[in-house]
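Take a look at the structure set out below.
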Amino acid sequence: MQILLEIKEGEGDWLFVSALETEEFFRHPDISSYSSMQEGAKKAGKWEEVREAAIRYLKNGKLPASKGKNKEKASILPGVLPKTGLLEKELLKKIKTPVFDLLIKIAIQEEDPQEVIHWYEELKKSGEESQGYWHSISESEIANSVKEKYPEVALEIWKSLAEKLISEAKVGSYEEASAYIRKIKETFEASGKKEEWENYLSEIKEANSRKKKLLGILDTLGEDRIIKV
């Protein structure tokens with residue numbers, strides 16, 4: 001496929017390139033194959049139709065490939081993309097839907113905080129059967145992506161992450177927690193809620209009054225030392 005892809009890119013046949021990249025996404029759906037599919041489909045002027053089919057697939061598992069016995073004549077997206085002659089429908093990925101982690105990653109990449117929040121909340125409500133998705137997403141990235149439109153959600157995430165790290169009672173964890181606490185500080189202050197920030201910091205210090213290393217680290221929050229997370 002790679003050789004054929006390079007040939008078609010050299011020819012500027014972006015419809016065919018888009019078909020190849022779209023087939024690859026449906027074989028191996030992840031954020032990397034999604035991005036490659038997006039690049040090809042945009043050049044072909046078919047991104048709207050391709051994206052709609054991809055998101056529908058991630059939501060309910062519906063494959064867009066045409067029905068029929070002749071695999072070589074099937075198109076991954078009938079009426080939109082050409083047939084490549086390489087499509088084998090039985091090799092297309094069978095997935096458990098909705099694919100929460102990938103839907104969240106796509107929404108983050110596309111800078112759509114409303115969709116990020118939607119799928120994040122759906123994942124939280126999904127119960128034990130979807131717990132595996134938490135291992136492949138970054139709650140910190142979620143918070144960063146929604147902090148301007150949904151600061152209260154970002155604050156909730158950062159507080160949870162910080163307090164979990166503090167409970168580990170390790171200096172390295174305190175350092176990492178302080179990065180989240182700094183984000184809490186910045187978000188409160190950006191919203192004109194300096195008093196709420198000060199109350200939160202006091203609560204953290206009071207609840208961990210015996211952790212001298214942590215208290216020392218928290219005292220540096222007013223300085224210009226920033227740890228990125």
Is it the case that more than 12 heavy atoms not belonging to [X] sit under 6.0 Å from its [atom1] atom?
X: E195; atom1: CD; value: no
X: E122; atom1: CD; value: yes
X: E11; atom1: CD; value: yes

ask   = Do K125 and E121 pass the salt bridge (charged side-chain N to carboxylate O under 4.0 Å, His left out) test, and can you show the C-alpha distance, the side-chain angles, and the key distance before you say yes or no?
value = CA-CA 6 Å; K125 293 187 295 185; E121 295 296 338; over 6 Å; no
What's the shortest heavy-atom distance between [X] and [Y], and which atoms?
X: A177; Y: A162; answer: CB-O, 3.7 Å
X: L87; Y: R27; answer: CA-NH2, 4.3 Å
X: T97; Y: G61; answer: CG2-N, 3.2 Å
X: P82; Y: A19; answer: O-CB, 3.6 Å
X: G127; Y: Q131; answer: O-NE2, 3.0 Å
X: P98; Y: L103; answer: CB-CD1, 4.0 Å

Separation between [atom1] of [X] and [atom2] of [Y], rounded to the nearest 0.5 Å:
X: K105; Y: S138; atom1: NZ; atom2: OG; value: 9.5 Å
X: I142; Y: Y150; atom1: CD1; atom2: OH; value: 14.0 Å
X: L81; Y: I76; atom1: CG; atom2: CD1; value: 8.5 Å
X: W158; Y: R182; atom1: CH2; atom2: CZ; value: 13.0 Å
X: E152; Y: T187; atom1: CD; atom2: OG1; value: 11.0 Å
X: Y133; Y: K96; atom1: OH; atom2: NZ; value: 6.0 Å

Minimum side-chain heavy-atom gap [X]-[Y] below 4.5 Å:
X: L155; Y: W197; result: no
X: I157; Y: S140; result: no
X: V17; Y: K43; result: no
X: E23; Y: E88; result: no
X: S130; Y: L123; result: yes
X: I184; Y: L201; result: no
X: L218; Y: N208; result: no
X: L63; Y: Y57; result: yes

Quiz question: by atom type and distance under 3.5 Å, do the side chains of [X] and [Y] form a donor-acceptor pair?
X: S36; Y: E24; value: no
X: E111; Y: S145; value: no
X: S202; Y: N199; value: no
X: E139; Y: Y120; value: yes

request  = Any chance you could lay out the salt bridge (charged side-chain N to carboxylate O under 4.0 Å, His left out) test for K124 and E156, step after step, and finish with the verdict?
outcome  = CA-CA 13 Å; K124 288 199 296 184; E156 178 186 332; 3.5 Å; yes
query = Taking it one step at a time, do E189 and K193 satisfy salt bridge (charged side-chain N to carboxylate O under 4.0 Å, His left out)?
reply = CA-CA 5 Å; E189 291 182 345; K193 298 179 179 179; over 6 Å; no
key: Qualifying residue for salt bridge (charged side-chain N to carboxylate O under 4.0 Å, His left out) with D219, from K212, K205, K213   = K205
Within the side chain of [X], is there an N or O that forms a donor-acceptor pair under 3.5 Å with the backbone of [Y]?
X: E39; Y: S35; value: no
X: S167; Y: K164; value: yes
X: S18; Y: W14; value: no
X: T84; Y: L86; value: yes

key: Audit row: E21, S33, side-chain hydrogen bond (donor to acceptor under 3.5 Å, both in side chains) steps and yes/no   = CA-CA 7 Å; E21 296 285 15; S33 60; over 6 Å; no
message = Between M37 and K42, does the side-chain contact (heavy atoms from CB on, under 4.5 Å) criterion hold? Intermediate values first, please.
response = CA-CA 9 Å; M37 177 178 67; K42 282 188 173 181; over 6 Å; no
ask   = Honestly curious: do V146 and W134 fall in one hydrophobic cluster under the side-chain, below-4.5 Å linking rule?
value =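 V146 and W134: one cluster.
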Transitive ILVMFWY side-chain link F16 to I7, under 4.5 Å = no
key: Residues S173, I166; criterion side-chain contact (heavy atoms from CB on, under 4.5 Å); working and verdict   = CA-CA 6 Å; S173 297; I166 288 171; over 6 Å; no
task = Applying salt bridge (charged side-chain N to carboxylate O under 4.0 Å, His left out), run through E110 and R51 and close with a yes or a no.
result = CA-CA 12 Å; E110 295 180 348; R51 183 187 182 280; 2.9 Å; yes
inquiry  = Assess the residue pair W119 and L102 against the criterion (side-chain contact (heavy atoms from CB on, under 4.5 Å)); give the C-alpha distance rounded to whole Å, side-chain angles, the decisive distance to 0.1 Å, and a yes or no.
reply    = CA-CA 10 Å; W119 291 113; L102 188 47; over 6 Å; no
Ring geometry between F25 and Y34 (parallel below 30°, tilted from 30 to 60°, perpendicular above 60°) =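 Rings of Y34 and F25: perpendicular, as their planes differ by over 60°.
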task = Establish, yes or no, whether the cationic atom of K194 lies under 6.0 Å from the six-membered ring centre of F188 and within 45° of the ring axis.
result = no
query = Can a salt bridge be assigned to the pair K159 and E163 using a cut-off of 4.0 Å between side-chain N and carboxylate O?
reply = no
K185 and E198: CA distance, side-chain angles, deciding distance, side-chain contact (heavy atoms from CB on, under 4.5 Å) verdict = CA-CA 8 Å; K185 172 180 183 287; E198 292 172 348; over 6 Å; no
